[in-house]
Enquirer: 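Please read through the structure below; I'll follow up with questions.
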Amino acid sequence: MADDVKRRASAHAGPTTTGAHASGGARDPFLLACRRVPTEYTPIWLMRQVGRYLPEYRAIRERLSLLDLCKTPEAAAEVTVLPVDRFKVDAAIIFADILLVAEPLGVGLEFAKGEGPVIQAPLRTPSDVERLPEVDPDEAVPFVFEAIRLARRALGGRVPLIGFAGAPFTLASYLIEGGPSQAFLRTKRVMHTEPRTWQALMEKLSRLAIRYLNGQIAAGAQAVQLFDSWVGCLSPADYRHNVLPYMRGVIAAIEGGVPVIHFGTNTAGLLELMREAGGDVIGLDWRVDLGQAWRRLGDGVAVQGNLDPAVLLADLEAIRRAARAVLASAGGRPGHIFNLGHGVLPGTPWQHVAGLVEMVREESRR
Ligand code: CP3
């Protein structure tokens with residue numbers, strides 16, 4: 001495993017950048033930590049570091065809907081860079097959404113005000129799954145690749161750019177449920193009663209994730225994160241049989257030697273299996289102690305996380321205490337990327353995000 005990571009790391013030349021000290025280079029803290037190389041301080045970025053809590057983002061969203069923003073590469077690249085300018089985070093994540101592939105899949109997508117995403121024609125029958133087209137991301141979502149090229153240019157080598165995709169299970173759950181879900185009962189029903197349909201759907205979404213992520217890497221993404229946000233609703237046995245083989249296939253097919261971050265929430269019962277599926281970095285939410293979880297995962301993998309996003313709603317003292325606890329749990333071992341356990345919550349004061357980034361840098365330097 002370690003050799004594999006090293007080989008992949010050294011295989012990665014990356015596209016040229018305009019910056020003087022090209023990120024993706026040997027000294028970048030985020031990319032080094034992905035490979036468990038010691039860094040001067042613990043690198044930090046935050047999931048949903050671009051979102052409604054950010055005043056500049058809200059201003060842009062007055063003019064553009066979420067989908068239009070994603071489809072306008074200049075604007076998407078501009079918001080991608082905002083948290084790097086404002087907070088000096090150690091990585092940028094391309095502004096996009098895991099559900100952008102829903103439209104080309106022909107199921108329709110809408111972001112209803114205050115209700116989250118809505119899939120207009122959710123998958124209801126085996127023939128709905130059979131009818132899903134084989135999507136070519138270059139044709140279907142060219143704006144994402146263009147946004148990546150523009151964001152790389154705008155970053156000028158200051159920090160690396162992360163690409164991402166929805167993992168097959170989490171995407172399947174949206175396509176089947178039609179939107180957010182509590183219990184994922186329709187998804188589990190397909191999994192348990194229509195195994196051939198499940199297999200066909202997971203295979204299709206895996207092929208899509210591979211092409212989409214490799215396209216992002218070709219466009220300039222220097223690391224990729226697979227969001228399996230809702231996979232924690234599954235039993236270990238169901239994960240092993242119905243998710244793990246597909247995740248393993250996707251992760252093994254990622255090209256260019258870029259680090260792969262494998263993220264989920266509520267995964268305390270699945271960590272060893274997620275590790276088996278792969279990834280250079282495993283994303284942890286706050287429901288597990290980071291140090292204990294890392295011991296279960298073993299030394300051969302980096303970890304990302306895992307501050308409770310709700311802590312950022314508290315005062316700076318509470319934030320410092322909680323950030324220190326996460327750093328203490330990591331124990332200064334190389335291969336920790338500081339992040340939240342899930343995304344920044346909409347009501348978060350941006351000053352608290354600024355404070356957290358400063359604290360983590362300061363506290364982890366010691
Ligand atoms: O900095 C960043 O991380 C922003 C880029 C980003 C977005 N979505 C933009 C977005 C990323 C990485 C995502 C991933 C995503 N999208 C996930 C996986 C991460 C997670 O939260 O588990 C999921 C499940 C989605 C699907 C999705 N998109 C949902 C459930 C929602 C509604 C939730 C909400 O906060 O309203 C969205 C909307 C969305 N995508 C927003 C942003 C910034 C917020 C809404 C807005 O601006 O209108």
Side-chain angles (χ1 to χ4, degrees), residues 44-72 75-87 89-103 109-119 141 143-144 147-148 151 159 161-175 177-182 184 187 209 212-213 216 221 223-233 261-267 283-286 304-305 309 339-348 350 353:
I44 174 172
W45 71 279
L46 305 180
M47 290 180 276
R48 288 280 166 93
Q49 60 192 15
V50 179
R52 282 163 298 191
Y53 81 100
L54 208 58
E56 299 96 324
Y57 175 78
R58 281 201 306 275
I60 289 177
R61 284 280 280 99
E62 308 243 307
R63 295 190 276 114
L64 290 171
S65 72
L66 178 59
L67 277 177
D68 286 340
L69 174 49
C70 291
K71 291 177 183 176
T72 309
E78 186 186 329
V79 297
T80 295
V81 178
L82 285 176
V84 178
D85 291 336
R86 198 187 252 265
F87 307 123
V89 287
D90 292 296
I93 182 163
I94 191 62
F95 192 84
D97 195 274
I98 66 164
L99 293 177
L100 289 179
V101 294
E103 281 189 333
L109 172 66
E110 193 189 338
F111 284 95
K113 266 224 157 69
E115 287 164 55
V118 179
I119 301 294
V141 288
F143 43 87
V144 175
I148 288 174
V159 298
L161 179 63
I162 304 169
F164 71 92
F169 173 83
T170 290
L171 265 186
S173 79
Y174 278 107
L175 300 183
E177 306 288 340
S181 173
Q182 297 285 326
F184 302 95
T187 308
Y212 186 35
L213 288 173
Q216 293 183 46
V224 292
Q225 176 154 326
L226 273 158
F227 280 98
D228 216 350
S229 304
W230 311 133
V231 77
C233 71
I261 307 168
H262 182 179
F263 169 79
T265 69
N266 264 310
T267 54
L284 301 170
D285 81 1
W286 63 94
Q304 176 173 282
N339 204 312
L340 303 179
H342 206 167
V344 179
L345 296 166
T348 302
W350 65 262
V353 172

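We count residues from 1, following the sequence as given. Whatever order the structure lists ligands and atoms in, that order sets their numbers, starting from 1. Every value quoted in this text rests on a predicted model; they were computed, and no experiment measured them.
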Enquirer: Looking at residues at least two apart in the chain, or sitting in another chain, which of them share a side-chain hydrogen bond (donor to acceptor under 3.5 Å, both in side chains) with Thr80?
Expert: none
Enquirer: In the protein, which heavy atom is nearest to atom 19 (C) of ligand 1, and how far is it?
Expert: Phe227 CD2, 3.4 Å
Enquirer: Any idea which heavy atoms bring Leu109 and Leu99 closest together, and the distance?
Expert: CD2-O, 3.2 Å
Enquirer: Ala165 and Tyr212: which non-hydrogen atoms are nearest, and at how many Å?
Expert: CB-CD2, 3.8 Å
Enquirer: Using a 4.0 Å cut-off to any heavy atom of Phe111, which atoms of ligand 1 qualify?
Expert: 28 (N), 37 (C), 38 (C)
Enquirer: Would you call Pro117 a ligand 1 contact, heavy-atom distance under 4.0 Å?
Expert: yes
Enquirer: What residue and atom, counting heavy atoms only, is the protein's closest point to atom 28 (N) of ligand 1, and at what distance?
Expert: Asp97 OD2, 2.7 Å
Enquirer: Which atom pair, heavy atoms only, marks the closest approach of Pro117 to Pro180?
Expert: O-CD, 3.4 Å
Enquirer: Donor-acceptor pair, Thr267 side chain versus Gly232 backbone, under 3.5 Å?
Expert: no
Enquirer: Which protein non-hydrogen atom lies closest to atom 48 (O) of ligand 1, naming both residue and atom, and how far is it?
Expert: Arg61 NH2, 2.5 Å
Enquirer: Return a yes/no value for Thr170: is any of its N or O atoms, backbone included, closer than 3.5 angstrom to an N or O of ligand 1?
Expert: no
Enquirer: Can you list the atoms of ligand 1 that are under 4.0 Å from a heavy atom of Tyr57?
Expert: 43 (C), 46 (C), 47 (O)
Enquirer: Side chain of Thr348, backbone of Leu345: donor and acceptor closer than 3.5 Å?
Expert: yes
Enquirer: Check each atom of ligand 1 against the heavy atoms of Leu66 and keep those under 4.0 Å away; list them by number with element.
Expert: 38 (C), 39 (C), 40 (N)
Enquirer: Please answer whether the main-chain N or O of Trp45 pairs with a side-chain N or O of Asn339 as donor and acceptor at a distance below 3.5 Å.
Expert: yes
Enquirer: Suppose we measure from atom 4 (C) of ligand 1 to each protein heavy atom; which comes out shortest, and what is that distance?
Expert: Val50 O, 3.6 Å
Enquirer: Suppose we measure from atom 11 (C) of ligand 1 to each protein heavy atom; which comes out shortest, and what is that distance?
Expert: Phe164 CZ, 3.5 Å
Enquirer: With heavy-atom distances below 4.0 Å as the criterion, list the atoms of ligand 1 near Ala96.
Expert: 5 (C), 6 (C), 7 (C), 8 (N), 9 (C), 11 (C)
Enquirer: Measure from the side-chain N and O atoms of Gln49 to the backbone N and O of Ala91, and report whether any donor-acceptor pair falls under 3.5 Å.
Expert: yes
Enquirer: Looking at every heavy atom in both Leu226 and Ala167, which two are closest together, and how far apart are they?
Expert: CD2-CA, 4.0 Å
Enquirer: Among all protein heavy atoms, pick the one closest to atom 25 (C) of ligand 1 and tell me residue, atom and distance.
Expert: Ile98 CG1, 3.5 Å
Enquirer: Considering only non-hydrogen protein atoms, determine which one is nearest to atom 3 (O) of ligand 1 and report residue, atom name and distance to 0.1 Å.
Expert: Arg48 N, 2.8 Å
Enquirer: Please name the pair of heavy atoms, one in Ala209 and one in Gly166, separated by the smallest distance, quoted to 0.1 Å.
Expert: CB-O, 4.4 Å
Enquirer: Which ligand 1 atoms does His342 reach within 4.0 Å, using its non-hydrogen atoms?
Expert: 20 (C), 21 (O), 22 (O)
Enquirer: Do Phe164 and Phe263 have ring centres separated by under 6.0 Å?
Expert: no
Enquirer: Hey, does Tyr174 come in under 3.5 Å of ligand 1, counting only N/O atoms on both sides?
Expert: no
Enquirer: Pull out every atom of ligand 1 sitting under 4.0 Å from any heavy atom of Ser229, numbered as shown with elements.
Expert: 18 (C), 19 (C), 20 (C), 22 (O)
Enquirer: Please could you name the atoms of ligand 1 that Ile93 approaches to less than 4.0 Å, counting only its heavy atoms?
Expert: 1 (O), 2 (C), 3 (O), 12 (C)
Enquirer: Looking at ligand 1, does any of its N/O atoms fall within less than 3.5 Å of an N/O of Gly116?
Expert: no
Enquirer: Quick one: does any side-chain atom of Thr265 pair with a main-chain N or O of Asp285 as donor and acceptor, under 3.5 Å?
Expert: no
Enquirer: Can you pull out the closest protein heavy atom to atom 36 (O) of ligand 1? Residue, atom name and distance to 0.1 Å, please.
Expert: Arg52 NH2, 2.8 Å
